[in-house]
There are 2 protein chains.
Amino acid sequence: MAVTITDVARLAGVSHTTVSWVIHDDPRITDKTKEKVMKAIEELDYHPNYTARSLVKGKSNNIALVAPFFSSTFEMDVLKGIEDGMDESGYQYSVSMYSTRGEDAAVLNQIVRGRRADAVILLTIKPDQTIISQFKANGIPLILIEEEAEGCHVVRTNNIEGAYLAVTRLLETGKRRIALAVETENPGLSQSDRKEGYIRALKEKGIAFDRDLVVPINRFRFEEGQEVFPEILKKDADAVFCAAGDMIAMGMLLEARKLRIPVPEKLSVVGFDDSQMCELVYPSLSTVHQPLNEMGRKAWELATTLKKDSPPEKVVFEPRFIERDST
Amino acid sequence: MAVTITDVARLAGVSHTTVSWVIHDDPRITDKTKEKVMKAIEELDYHPNYTARSLVKGKSNNIALVAPFFSSTFEMDVLKGIEDGMDESGYQYSVSMYSTRGEDAAVLNQIVRGRRADAVILLTIKPDQTIISQFKANGIPLILIEEEAEGCHVVRTNNIEGAYLAVTRLLETGKRRIALAVETENPGLSQSDRKEGYIRALKEKGIAFDRDLVVPINRFRFEEGQEVFPEILKKDADAVFCAAGDMIAMGMLLEARKLRIPVPEKLSVVGFDDSQMCELVYPSLSTVHQPLNEMGRKAWELATTLKKDSPPEKVVFEPRFIERDST
DNA sequence: CTGAAAGCGCTTACAG
DNA sequence: CTGAAAGCGCTTACAG
């Protein structure tokens, strides 16, 4: 079967303790012993069992990544940054993925209880206080991406600013009836922030917020953008800012093309995220760039370097407006 | 600190062995004892430590997912199926992701050596025999998606058929000079199979394979589709079958639009995969549908049910041609 | 029907 | 400078 530390010790003619010292580069070991042990390790092709090591050290060397689901481009972009981080840290940690599919509390409970991770990165999930304190009690830091909660570390974009930039640009191009496609039922923090940025930009130009121009979004798939598109027309909007993201915006572009509504002449469309696809659709989609790669990377960094009792860190990235052909 | 099995035993007034029996629902335990223990478990909110359990059982309850990288839609679609599988199996297993970025052997070695997984799912990676035998020696099954290798389980699409369907359709629409965009340096199995299907379809119509119509692809990003597009024009092709996938096809569509080449009148474009975006681009992309969700799910099923010594299983899914506006 | 004991493969004070 | 021993939190034959 698999070779253990005892096998190495036997071959090298030392105790398994000594082998452990060698592996951990303890200064007490003489060069001669070290050499002997190293040779045995090589000869047997010994690799330590991670499970055993985890048990005695009380840490799993695993980072958990939790999201409502992993099948959208948003998650992929964040994942990319995490991959970069892993690569640099030499794969000392593994990453496990958990998609909650709405069952946030249950999944998070499993993780703390089974002590399955040394740190947890949450994508667009806001855990409740009971859960947060459980993690705290176990010394497992929580890193929130695109959300905030007391006692948690935070990595996010300045969504207010992002929305402000986009809507301001629409106003500059002369648009006045700007619809807002946004999550309205239990909106995540990023959604409500974007709404705030939208209102702020309007206010600055002396335009009052008209709640009739709000189009509620729930599922964030492009089909939903298509479905709600008639509402936009009915409201007689001359632009739509999709705070709900690029996919919704692309669904709208698709429907606009089918109904022969000229974009941007008759209707400007702006997304949020700057996913890769924005360049591929026709017309190409103007959007707000979020540095998702960097955010993922930063979250990884926090996850792997934070001490149990580090005070909550908060990292906010600045967005940019990317002008393409849909405005 | 965390509550252990001993704490439960103490509170319930039994030995920790008995607690373990209760957890595993051993028939020898009387209802009365069981009840007592259950109450203690509930009261202390006890959850077993997975690391300890793994160590004694010699299995990690973890499935490793290995791919060159995780940031493309192909991986996302497979991931979706895996998520479904996890969900159904009640999260008994965790999934860890490893992106190799070309270092296949090194990453796989880490996994076997550290005994970090009970089964490994490989996406478009073909491990060499040395590695395969190491996994075999450790009783860890390897499940290959879109590749094949001796002694490994296989989940794939009938790529020959997929390419055949696509090219046959192009021929039916009257196209004759059909370019083939395909990986040529160290092509993966799916790439060479698709080439074979392409050749077979041509042959059936009495058209000889013209190697001058092959466009080599390496990186699979849409920018590469744009870059190589001029070659297609130079070859005076009237269609292009992108065996290298939808992204390459979309890059070509984008470039065709810029150069005002009418698709499909002047040039038909066909992709492979049927990613979600195919409907969003203009013109919408005809492609070959691979049931990636089902494939991911099947791989998961194999990973979690296979015994150490199960003979290699091979599951082949049948593709469908999806006609949209680019043909 | 239940408990004492050994063991999974390591790490790390503690002796010598 | 190195080894014997205890322990991480479990599971599972083995006794009783």
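The sequence lines fix the lettering, A, B, ..., with proteins before strands; numbering per chain opens at 1.
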Closest nucleotide among C:dA4, D:dC10, D:dT11 to the B:S15 side chain: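 Of C:dA4, D:dC10, D:dT11, C:dA4 is nearest to the side chain of B:S15.
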Closest to the B:T17 side chain, choosing from C:dT11, D:dA13, C:dG9: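 Closest of the options to the side chain of B:T17: D:dA13.
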Close side-chain approach of A:I63 and A:I121, heavy atoms under 4.5 Å: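 A:I63 reaches A:I121 side chain to side chain.
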Looking for any heavy atom pair under 4.0 Å, which part of the strands does [X] touch: base, sugar-phosphate only, or nothing?
X     : value
A:Y46 : sugar-phosphate
B:T33 : sugar-phosphate
B:T30 : sugar-phosphate

Pair assignment for D:dA13, Watson-Crick or G-U wobble, requiring both distances under 3.5 Å: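 The answer is none; no pair meets the criterion.
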Hydrogens and angles aside, do [X] and [Y] bring a side-chain donor and acceptor to less than 3.5 Å of each other?
X      : Y      : answer
A:E146 : A:T124 : no
A:S60  : A:D118 : yes
A:E75  : A:S72  : yes

First encountered from the 5' end of DNA chain C, between A:P48 and A:W21: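 Of the two residues, A:P48 wins.
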Most 5' of B:L55 and B:G13 on DNA chain C, judged by nearest nucleotide: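 Per heavy-atom nearest nucleotide, the more 5' residue is B:G13.
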Rounded to the nearest Å, what distance is computed from the [atom1] atom of residue [X] to the [atom2] atom of nucleotide [N]?
X     : N     : atom1 : atom2 : result
B:I29 : C:dG3 : CD1   : C1'   : 10 Å
B:K36 : C:dG3 : NZ    : C1'   : 13 Å
A:K57 : D:dC8 : NZ    : C1'   : 12 Å
A:K34 : D:dC1 : NZ    : C1'   : 14 Å

Donor/acceptor link under 3.5 angstrom from B:H16 side chain onto base of D:dT11: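 By the distance-only test, yes, there is a pair.
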